[in-house]
Amino acid sequence: MTPNVVVFGMAGYAGQHLRRARTLHDRGELVLAGACDIREPPAEARAVLPATAVITRDAAELLARTTPDIAIVATPPHTHLSLAKLALAAGCHLLVEKPPVLDLAAFGELTELARDRACQTGFQSFGSAAVPLVRRAIANGEIGTVTGIAAAGAWIRRDRYFARAEWAGRRRVGGQPVVDGALTNPFAHAVATALLVNGTAEALPERTAVELYRARDIESDDTACARLSFAGAPDVVVAATLDAEADHDPYVLVHGTEGRIRWHYKTDLVTVDGAQREVGPPRDLLANLVAHVRDGEPLRAPLAATRAFTALVEAVHDAPEPLPLPAEWVRAVDSGPDRHFVVPGVDRDVDTAAERLALFSELALPWTGAATRA
């Protein structure tokens, strides 16, 4: 069976899905049957599609004209659930971009609706060969007993990043939750990957503490941290900023009584107690989904493995509005679309939070201005 595949979305990150699907189309593993977007699709997206592909602005029309086996949902976060439901009603299996849904009620609804269908999520790091490698090192006791897991990320994001879409930098659009923010979008992989390594990706945390800050005048946070606490498992602490002095490779840090594992999940550099380990090639998530539908290959990033992550998204949604950082701790750099904001020393602060498994407020940083929110 060669499945028909459609993509909901043709701009932004949807272009990556189109290119991956076209690669598999050219290898004969699937048929890229069409794509849709409510906006005029970019020329580069049109160029990726086969000549026979259907292009439309309406998802229901695309489903009716192509009768696909798999639908990829790569649209704004607040549209994921409605489009996933539409595709499931048409009999499709799903690949839903992150965050798959924005609260636990939606997670439960999608889980129930997809009971007889495969539902993969867009956490590419879950397809990394580093996942079993890190798990083996932990299981073999190479760093002793795990005492906590952290993740850290520090990037520069310019004005054009926040101008790229209506929902960017927003907590809500038109009354609908969007829950954009450092932990729920650009560093969503850091959160989800740390939870996966912790073995708690499918669990609900007993407690979630969230701290949200912003250097720029936006609704959502651009600097944030969180702690997720579980029964019978180590805590997970994640710290991230989009106000960095320089771009850094994000990582997951596993703390043990006898050593540490550091995994830079975007470059697949893994060190166990300081010694680098060789990591094999990653598994493409769409190829994995196709193999699952065709041959029963286990999914690498099933919806079930995003339950704890969704709990964090819900906690960010329910948290008070992000605190504006004091003006004396924020510096504007460049101008126009290249303008970005820097919080001096925040790169180091993010690393320190991961090193100490601590929230920003617990580090007594002068710019936090608030106690831990639980």
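- No side-chain heavy atom of V31 sits under 4.5 Å from any side-chain heavy atom of V5.
- No donor-acceptor distance shorter than 3.5 angstrom exists from the side chain of N198 to the backbone of T200, with no hydrogens or angles considered.
- Judged purely by atom type and a 3.5 angstrom limit, T121 uses its side chain to pair as donor or acceptor with the backbone of A301.
- Of all non-hydrogen atoms in T310 and L104, the two that sit nearest each other are CG2-N, 3.9 Å.
- Between D221 and R214, none of the side-chain N atoms (NZ, or NE/NH1/NH2) sits under 4.0 Å from a carboxylate O, so this pair counts as no salt bridge.
- The existence of a salt bridge linking R227 and E211 is excluded, since no basic side-chain nitrogen approaches an acidic carboxylate oxygen closer than 4.0 Å.
- Judged by the 6.0 Å distance and 45° axis criteria, R157 is positioned over the aromatic ring of Y161.
- A distance-only check finds a donor-acceptor pair linking the side chain of H255 to the backbone of A354 [under 3.5 Å].
- Screening D268, T271, T193 against W263 for a side chain to side chain donor-acceptor pair (under 3.5 Å) leaves a single residue, D268.
- Heavy atoms only, all atoms of each residue included: C119 and V96 are closest at SG-CG2, 4.2 Å.
- For the pair D58 (side chain) and A60 (backbone), a donor-acceptor distance under 3.5 Å is present.
- Under a 3.5 Å cut-off, the side chain of H80 and the backbone N or O of P99 do form a donor-acceptor pair.
- Here the side chains of V73 and L95 are not in contact, with every heavy-atom distance at 4.5 Å or above.
- Contact annotation: the side chain of L86 approaches that of L63 to within less than 4.5 Å [non-hydrogen atoms, C-beta and beyond].
- The backbone N or O of E29 lies less than 3.5 Å from no partner atom in the side chain of R27, so there is not a single donor-acceptor pair.
- Taking the side chain as every heavy atom from C-beta outward, V343 and Y213 never approach each other to under 4.5 Å.
- Using modelled atom types and a 3.5 Å distance limit, the side chains of E206 and S229 yield no donor-acceptor pair.
- The hydrophobic cluster containing V6 does not contain V293, counting ILVMFWY residues as joined when their side-chain heavy atoms lie under 4.5 angstrom apart, directly or transitively.
- E40 and R57 are joined by a salt bridge, as a carboxylate oxygen and a charged side-chain nitrogen come within less than 4.0 angstrom of each other.
- Remark: R171 fails to qualify as a cation-pi partner of W167 under the 6.0 Å distance and 45° angle criteria applied to the six-membered ring.
- Ion pairing of R262 with E355 is present here, as a side-chain N (NZ or NE/NH1/NH2) and a carboxylate O approach within less than 4.0 Å.
- At least one side-chain heavy atom of L81 sits less than 4.5 Å from a side-chain heavy atom of E109.
- For F309 against L195, the heavy-atom pair with the smallest separation is N-CD1, 3.6 Å.
- Ion pair E202/R307 not flagged as a salt bridge, since none of the NZ, NE, NH1 or NH2 atoms sits closer than 4.0 Å to an Asp/Glu carboxylate oxygen.
- For the residue pair H292 and Q120, no side-chain donor N or O sits within less than 3.5 Å of a side-chain acceptor on the partner.
- In the model, D69 has no side-chain atom that pairs as donor or acceptor with a side-chain atom of N4 under 3.5 Å.
- Judged purely by atom type and a 3.5 angstrom limit, E362 uses its side chain to pair as donor or acceptor with the backbone of L359.
- When every heavy atom of L183 is checked against every heavy atom of V191, the shortest pair comes out as O-CG2, 3.6 Å.
- Rounded to the nearest 0.5 Å, atoms CG (L286) and CG (L30) are 5.5 Å apart.
- Taking each heavy atom of S128 and R300 in turn, the nearest pair found is O-NH1, 4.4 Å.
- Classified by interplanar angle (parallel below 30°, tilted 30° to 60°, perpendicular above 60°), the ring pair H264/Y251 is tilted.
- In summary, R216 and D243 do not engage in a salt bridge, as defined by a charged side-chain N under 4.0 Å from a carboxylate O.
- Panel note: side chain H248, backbone A154; no donor-acceptor pair is recorded below 3.5 Å.
- A salt bridge does not link E44 to R19: none of the charged side-chain nitrogens sits closer than 4.0 Å to a carboxylate oxygen.
- The pair R348-E245 fails the salt-bridge criterion, with no side-chain N (NZ, NE, NH1 or NH2) lying under 4.0 Å from an Asp/Glu carboxylate O.
- Across V342 and P344, no two heavy atoms sit closer than the pair O-CD, 3.5 Å.
- For K266 (side chain) and P250 (main-chain N/O), no donor-acceptor pair under 3.5 Å exists by modelled atom type.
- Side-chain N or O atoms of N140 include none that pairs as donor or acceptor with a backbone N or O of E142 at under 3.5 Å.
- Side-chain contact of R117 with H93: a donor-acceptor pair under 3.5 Å is absent, judged by distance alone.
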